[in-house]
A.B. asks: 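What follows is a single structure, and I will ask about it in a moment.
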Amino acid sequence: MWNFGLPYKLKQLIDLVAQRNYLFTYDGKQYGPLLHVEKAIVVYTRGSRFLEGTPIPPSRFDHQATYLDVWLQLVGVRDLRTVIVDNAWNRDRQESEVSLAKGKATLGRLVEWFLTSSRAAAMES
Ligand SMILES: Cc1cc2nc3c(=O)[nH]c(=O)nc-3n(C[C@H](O)[C@H](O)[C@H](O)COP(=O)(O)O)c2cc1C
């Protein structure tokens with residue numbers, strides 16, 4: 001997360017590749033995907049922890065996951081799983097390490113899911 005949104009290099013990449021009739025269709029009324037991506041995993045890192053009921057609720061401050069999730073689904077990612085690693089860069093080093101360890105553990109489980117269902121799909125085809 002940079003300034004509550006995406007780092008500009010990632011946003012620039014999206015702006016370069018996201019052309020109508022290449023990654024998505026738009027008929028003036030609705031959008032349609034042109035990619036067929038069975039699944040994807042996104043890891044979102046943030047310096048802080050955004051929680052509802054605190055001065056930095058995600059409903060107001062998260063323009064990172066909200067944007068990228070929508071964009072990936074728009075272009076054709078069907079099953080999207082996400083891992084949020086928050087507190088990645090704060091004053092409490094221990095808090096950061098706990099958050100990173102939790103993120104790694106969650107990602108490890110998701111990688112299992114990603115590889116297992118990929119293999120099953122490959123065997124079916
Ligand atoms: C330019 C810049 C802007 C940032 N803006 C935010 C922010 O708005 N909110 C936040 O929680 N963290 C912010 N961070 C912290 C990063 O999200 C955090 O360090 C994250 O771990 C960076 O991930 P990376 O090392 O994979 O780039 C910012 C960091 C940088 C360098």
Side-chain angles (χ1 to χ4, degrees):
M1 176 180 280
W2 278 14
N3 290 303
F4 313 109
L6 299 182
Y8 69 93
K9 287 184 185 173
L10 178 55
K11 182 60 169 56
Q12 184 187 35
L13 176 68
I14 290 172
D15 292 339
L16 288 171
V17 300
Q19 305 291 329
R20 186 163 70 107
N21 297 332
Y22 283 92
L23 292 193
F24 64 90
T25 57
Y26 180 63
D27 63 6
K29 286 186 183 145
Q30 58 182 9
Y31 291 91
L34 283 177
L35 299 183
H36 303 282
V37 180
E38 187 196 338
K39 60 198 159 180
I41 301 171
V42 183
V43 180
Y44 292 112
T45 58
R46 295 131 182 229
S48 308
R49 172 166 293 158
F50 297 88
L51 279 178
E52 295 303 325
T54 71
I56 47 172
S59 52
R60 178 151 183 249
F61 286 87
D62 181 9
H63 302 273
Q64 179 199 40
T66 47
Y67 175 78
L68 197 60
D69 283 1
V70 165
W71 186 77
L72 287 169
Q73 284 159 347
L74 178 94
V75 298
V77 175
R78 289 177 189 148
D79 193 350
L80 179 63
R81 308 281 170 101
T82 63
V83 182
I84 292 179
V85 181
D86 53 19
N87 278 330
W89 189 21
N90 68 13
R91 291 182 191 157
D92 186 334
R93 192 174 165 165
Q94 202 191 350
E95 208 170 39
S96 301
E97 282 171 3
V98 168
S99 180
L100 189 61
K102 273 188 192 164
K104 280 184 180 169
T106 307
L107 186 59
R109 288 192 293 275
L110 281 179
V111 166
E112 284 290 310
W113 157 78
F114 190 87
L115 294 176
T116 308
S117 44
S118 292
R119 280 193 213 110
M123 284 168 75
E124 276 168 24
S125 61

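We're numbering straight along the sequence, starting at 1. Order of listing sets the numbers, starting from 1, for every ligand and every atom in it.
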A.B. asks: Checking the N or O distance criterion of under 3.5 Å, is ligand 1 in contact with Trp89?
C.D. replies: no
A.B. asks: Less than 4.0 Å between a side-chain N and a carboxylate O, is that true for Asp86 and Arg49?
C.D. replies: yes
A.B. asks: Using non-hydrogen atoms of the residue, decide whether Phe61 is closer than 4.0 angstrom to ligand 1.
C.D. replies: no
A.B. asks: Closest non-hydrogen protein atom to atom 14 (N) of ligand 1, residue and atom name please, with distance?
C.D. replies: Met1 O, 3.2 Å
A.B. asks: Over all heavy atoms of both residues, which pair between Gln64 and Met1 is shortest? Give the atoms and the distance, please.
C.D. replies: NE2-N, 2.9 Å
A.B. asks: Among protein heavy atoms, which sits nearest to atom 21 (O) of ligand 1, and what does the distance come to when rounded to 0.1 Å?
C.D. replies: Ala88 CB, 3.4 Å
A.B. asks: Report yes or no: is the cationic atom of Lys11 (NZ for Lys, CZ for Arg) under 6.0 Å from the centre of the six-membered ring of Trp2, at an angle within 45° of the ring normal?
C.D. replies: no
A.B. asks: Looking just at side-chain N and O atoms, do Tyr8 and Asn3 make a donor-acceptor pair shorter than 3.5 Å?
C.D. replies: no
A.B. asks: How far is atom 12 (N) of ligand 1 from its nearest protein heavy atom, and which residue and atom is that?
C.D. replies: Gly47 N, 2.9 Å
A.B. asks: For atom 5 (N) of ligand 1, which protein heavy atom lies nearest, and how many Å away is it?
C.D. replies: Asn3 N, 2.8 Å
A.B. asks: Is the backbone of Ser59 close enough, under 3.5 Å, to the side chain of Glu52 for a donor and an acceptor to pair up by distance?
C.D. replies: yes
A.B. asks: When you look for heavy atoms under 4.0 Å from ligand 1, do you find them on the side chain of Trp2, its backbone, both, or neither?
C.D. replies: both
A.B. asks: Counting each atom of ligand 1 from 1 as listed, which ones have a heavy atom of Ser48 under 4.0 Å away?
C.D. replies: 10 (C), 11 (O)
A.B. asks: Using distance alone, determine whether Phe50 and ligand 1 share an N or O pair under 3.5 Å.
C.D. replies: no
A.B. asks: Taking Thr106 for its side chain and Lys102 for its backbone only, find out whether a donor-acceptor pair lies under 3.5 Å.
C.D. replies: yes
A.B. asks: Would you say atom 27 (O) of ligand 1 touches the protein, meaning some protein heavy atom is under 4.0 Å from it?
C.D. replies: no
A.B. asks: Tell me, which protein residue and heavy-atom name are nearest atom 8 (O) of ligand 1, and how many Å apart are they?
C.D. replies: Phe4 N, 2.9 Å
A.B. asks: What protein heavy atom is closest to atom 23 (O) of ligand 1, reported as residue, atom name and distance in Å?
C.D. replies: Thr45 OG1, 2.9 Å
A.B. asks: Counting only N and O atoms by type, is there a donor-acceptor contact under 3.5 Å from the side chain of Ser96 to the main-chain atoms of Asp92?
C.D. replies: yes
A.B. asks: Looking only at heavy atoms, which two atoms of Gln19 and Leu16 are closest? And how far apart?
C.D. replies: NE2-O, 3.2 Å
